[in-house]
> 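Here it is: the structure, laid out below.
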There are 2 protein chains.
Amino acid sequence: MATHKLDEIDRKILAELQEDGRMTNVELARRVGISAPPCLRRVRALEEDGYISGYHARVNIRALGFEVQVFAMVGLTSQAEADLSRFENRCRAWPLVRECHMLNGEVDFILKCVAPDLSTFQTFLTEELTAAENVASVKTSLVIRGAKDAPGVPFDVLEERLARSA
Amino acid sequence: MATHKLDEIDRKILAELQEDGRMTNVELARRVGISAPPCLRRVRALEEDGYISGYHARVNIRALGFEVQVFAMVGLTSQAEADLSRFENRCRAWPLVRECHMLNGEVDFILKCVAPDLSTFQTFLTEELTAAENVASVKTSLVIRGAKDAPGVPFDVLEERLARSA
DNA sequence: GCTGAAATCGCCTAACG
DNA sequence: CGTTAGGCGATTTCAGC
């Protein structure tokens, strides 16, 4: 599943769909410089091969009443694979946890959480997260404001890199 | 811009488009139980009012050759608003920085970064990020593996909440 | 005001070269 | 990959609740 299976048109398609996932196929085809049918075939292939794993509308979290965003750094007592997996499954089941990444270093996981208000989050934090089996420590930081939230990958960096190795 | 301007159908639309942003309007209309024209009007209104800020394809970062994901905790020497803004603007200009959130507590910002390999990231880290004006400290953590990456907002929590307050 | 029905227009998507 | 062409979805118009 290397990048090398993708040509410049494929990468352009990915870049365009990353920016606007609802673009019509004819508009996409126009932008990447081919006609619509082959463009659609490429998109289907990119989806099939896992280069595109889904399309999502980005919703306004605050406008929907989720006033609180929190990053939580979680340390576990046991880092045995079974225990790591168990914690990951817990995270997948908690709706307030939107992202969970396993890290190297002192902290084992970083979680991005949302909540309607602080008290809802506090309840989750004390009754669910810190109370969960195998959780040793949780350090939380409130998001004061968001400064950047770009999707996925910087395709210009990718292109530069490919140009250099060519 | 309160949630109260949205009825149940609007919220269902948002939930569906968050899950599948490329769904056709007729399919969306079928799922939320109204006919296509009013459904399309609602979607347009939701976009117009900022409840939907965009649509994005989720691309496979690893498959595209970005092997490295890193969270960086950044502390600044000055937290004056002008200096905060300046740093945020820097982040927006760095393509390897995909997300930047201002936090409370000891660390001022958390950054989510991607890079093709570790050495590319190290170069960015030492020559750009830590070298940047006003940056006092940077602590980085490599992402070992991703366990959950859900988009946006848990709509079931929202519905529960609204049901309770009704 | 909304919704829904009908009609037009444009896009999607197969088949073929 | 492009062209053609048929069917379906998107989008406007208009009537009804």
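Since this is a predicted model, take the numbers as computed values, not measurements. Letters go in sequence order (proteins before strands), and every chain restarts at 1.
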> Is there a side chain to side chain contact (heavy atoms under 4.5 Å, CB included) between A:Val59 and A:Leu64 once you walk through the steps?
CA-CA 8 Å; A:Val59 302; A:Leu64 288 171; 3.8 Å; yes

> Evaluate the ring planes of B:Phe71 and A:Phe71, with Trp represented by its six-membered ring, and classify them as parallel (under 30°), tilted (30 to 60°) or perpendicular (over 60°).
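Taking A:Phe71 first and then B:Phe71, their aromatic rings stand perpendicular (interplane angle over 60°).
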
> Should the pair B:Arg22-B:Glu27 be classified as a salt bridge under the 4.0 Å nitrogen-to-oxygen rule?
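Looking at B:Arg22 and B:Glu27, the cut-off is not met.
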
> Are a donor atom and an acceptor atom from the side chains of A:Asn134 and A:Ser78 found within less than 3.5 Å of each other?
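Looking only at side-chain atoms, A:Ser78 and A:Asn134 do not form any donor-acceptor pair under 3.5 Å.
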
> Are A:Leu129 and A:Val143 connected in a single hydrophobic cluster, I mean Ile/Leu/Val/Met/Phe/Trp/Tyr linked by side-chain heavy atoms less than 4.5 Å apart?
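Hydrophobic grouping puts A:Val143 apart from A:Leu129.
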
> Return the NZ to CG distance between B:Lys12 and B:Leu6, rounded to the nearest 0.5 Å.
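One gets 15.0 Å once the value is rounded to the nearest 0.5 Å.
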
> Please determine whether a side-chain nitrogen of the Lys or Arg among A:Glu48 and A:Arg41 lies less than 4.0 Å from a carboxylate oxygen of the Asp or Glu.
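So A:Glu48 does not pair with A:Arg41 through a salt bridge.
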
> By a strict heavy-atom criterion of less than 4.0 Å, which residues belonging to residues 13-30 of chain B are in contact with DNA chain C?
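The stretch gives none, as no residue of it lies under 4.0 Å from the strand.
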
> If you take any heavy atom closer than 4.0 Å to DNA chain C, which residues from residues 36-44 of chain B end up in contact?
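Here the set is B:Pro37, B:Pro38, B:Arg41, B:Arg42.
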
